[in-house]
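Below: the structure, in structure tokens.
For clarity, every value in this text was computed on a predicted model and none was experimentally measured. Values reported hereafter were calculated over all heavy atoms of this structure, with side chains retained and with hydrogens, waters and symmetry mates removed.
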Amino acid sequence: MTAPVFLYKSDPVRGRQWTEVFRAHRPAIDFRIWPDIGDPHAMQFLAAWEPPDDLAVRFPNLQVLFSSGAGVDQFDFAALPPALPVVRMVEPGIVQGMVEYVTHAVLDLHRDRPAYRRQQARAEWRPLPVRPASERRVGVLGLGSLGQAVLAQLVALGFDCAGWSRSRHTVGGVHCHAGADELGTFLARTDILVCLLPLTDATRGFLNAALLAQLPRGAGLVHVGRGPQLVNADLLAALDAGHLSEAVLDVSDPEPLPPAHALWQHPQVQITPHIASVTQPLTAARVVLDNLRRFEAGEPMLGLVDRQRGY
């Protein structure tokens, strides 16, 4: 009997680390790294950031497509076999990295560190008023696993926290809002807005002038969702008008930003190159192996994507 083939099509350095995990825990699987695909008819499982074209023709017996990262917005679902299960990465390293990044960014804005950095550049010694965390209202867009983990840390630090999502959630210590009717109320009480929404047709361009205008004057933005959710010109206008005070951007549109882009030079914008949360190869491989076990046992896989929602 031919061994099932698992193909990894992403960073080959990480792929070699996956290889060791598969060899140790599922040696019967023929683990391969693109472009060494072996017998395409034996291909049952594919992990990729960007899958190859014509999956149904190229790999006619493919049973599951795994995303090598937390998102699936890079997949063209219309080009995928309609019955093919698609699974996004749900891995502890992704969650911990995001909690670290967002907590750092929120604390940075809360304690006026950007303003102090600008003062230091001018050799200016001028204390600013210090507010306790309980008086700073933080709002998180997106109440999935990442949003809830981030909020748990911010609540523990004493921030006045709220969350918003399309559907109703209950999160301890968090004022939860849901749906379009409650978005305005959520925004009006948010001093620091954190975007952790997945990229879908509904969230593309979501962070626009109309939305930013509903935040209190002087609010800050931490954007760790996806670049196309933010309208760059609208952010720049809100900063220049003084309606927003600061922005921390880990994602952009396009990525990377062109060297001459206005966001690079804006004094109230901090940019990092999409590093807020990075999949850890060894734990990611173990998560995929657990999902393979679930698939073979007929159990629900963690991170199975609802194609209608896009996440």
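A donor-acceptor pair is defined here as one N or O able to donate and one able to accept, closer than 3.5 Å; no such pair exists between the side chain of Tyr101 and the backbone of Val224. Without hydrogens or angle criteria, Thr200 side chain to Ala202 main chain gives a donor-acceptor distance under 3.5 Å. Although no hydrogens or angles enter the test, the distance criterion places no donor-acceptor pair under 3.5 Å between the side chain of Gln270 and the main chain of Leu249. For the pair Arg294 (side chain) and Pro300 (backbone), a donor-acceptor distance under 3.5 Å is present. Looking at Glu255, its side chain never comes within 3.5 Å of a backbone N or O of Gly227 through a donor-acceptor pair. Formation of a donor-acceptor pair under 3.5 Å by the Ser277 side chain with backbone atoms of Gly97 is not found in this model. Between the side chain of Thr279 and the backbone N or O of Pro281 there is no donor-acceptor pair closer than 3.5 Å. With hydrogens and angles disregarded, a donor-acceptor distance shorter than 3.5 Å links the side chain of Ser245 to the backbone of Ala219.
Annotation for Gly310 and Val72: closest pair O-CG2, 3.5 Å, computed over non-hydrogen atoms.
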Under 3.5 Å, which donor-acceptor pairs do the side chains of residues 230-239 form with other protein atoms, sequence neighbours left out?
unit_1	atom_1	unit_2	atom_2	d
Asn232	ND2	Asp253	O	3.1
Asp234	OD2	Ala209	N	2.8

Distance-only criterion, 3.5 Å: show the donor-acceptor pairs between side-chain atoms of residues 77-91 and protein atoms not counting sequence neighbours.
unit_1	atom_1	unit_2	atom_2	d
Glu91	OE1	Gly93	N	3.4
Glu91	OE1	Ile94	N	3.1
Glu91	OE1	Gln280	N	3.2
Glu91	OE2	Gly93	N	2.7
Glu91	OE2	Thr283	OG1	2.3

For residues 47-63, please give each side-chain donor-acceptor pair under 3.5 Å, one per line with the distance, not counting sequence neighbours.
unit_1	atom_1	unit_2	atom_2	d
Arg58	NE	Asp53	O	3.3
Asn61	ND2	His41	O	2.7
Gln63	NE2	Gln44	OE1	3.3

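Surrounding CG of Asp36 are more than 12 heavy atoms belonging to other residues, nucleotides or ligands, all under 6.0 Å away. Few gaps surround CD on Glu124; more than 12 heavy atoms of other groups in view lie less than 6.0 Å from it. Within 6.0 Å of the CD atom in Gln120, the count of heavy atoms belonging to other residues, nucleotides or ligands does not exceed 12. Heavy-atom contacts from other residues, nucleotides or ligands closer than 6.0 Å to CG of Asp306 number more than 12. Counting non-hydrogen atoms of neighbouring residues, nucleotides and ligands closer than 6.0 angstrom, the CZ atom of Arg189 exceeds 12 such neighbours.
Under the 4.5 Å side-chain heavy-atom criterion for grouping Ile, Leu, Val, Met, Phe, Trp and Tyr, Val248 is connected to Val102 within one hydrophobic cluster. Linking ILVMFWY residues whenever their side-chain heavy atoms come closer than 4.5 Å, directly or via other members, places Leu289 and Val287 in the same cluster.
The salt bridge (Lys or Arg N to Asp or Glu O under 4.0 Å) analysis of residues 210-227, with sequence neighbours excluded, yields the pairs Asp73-Arg226. For residues 129-141, the side-chain hydrogen bond (donor to acceptor under 3.5 Å, both in side chains) pairs, not counting sequence neighbours, are His110-Arg136, Arg137-Asp191.
For Trp164 and Phe206, the gap between ring centers is short of 6.0 Å.
Taking the side-chain hydrogen bond (donor to acceptor under 3.5 Å, both in side chains) definition, one finds that His177 meets it with nothing, sequence neighbours left out.
Using a 4.0 Å cut-off between a side-chain N of Lys or Arg and a carboxylate O of Asp or Glu, Glu246 and Arg113 do not qualify as a salt bridge. Here Arg286 does not pair with Asp290 in a salt bridge; the nearest charged N to carboxylate O distance is not below 4.0 Å. Salt bridge annotation for Asp39-Arg32: absent, with no cationic side-chain nitrogen under 4.0 angstrom from a carboxylate oxygen. With salt bridges taken as basic N to acidic carboxylate O contacts below 4.0 Å, none links Glu296 and Arg293.
Taking CG from Leu183 and CG from Leu211, the interatomic distance works out to 5.5 Å, rounded to the nearest 0.5 Å. Once rounded to the nearest 0.5 Å, the distance linking NE2 of His104 with OG1 of Thr272 reads 10.5 Å.
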message: Apply salt bridge (Lys or Arg N to Asp or Glu O under 4.0 Å) to residues Arg168 and Glu182 and explain how you reach the verdict.
response: CA-CA 11 Å; Arg168 182 69 59 191; Glu182 298 180 21; 2.6 Å; yes

- request: Quick one: do Gln268 and Asp240 satisfy side chain to side chain donor-acceptor pair (under 3.5 Å)? Show the steps, please.
  value: CA-CA 9 Å; Gln268 291 153 270; Asp240 290 341; over 6 Å; no

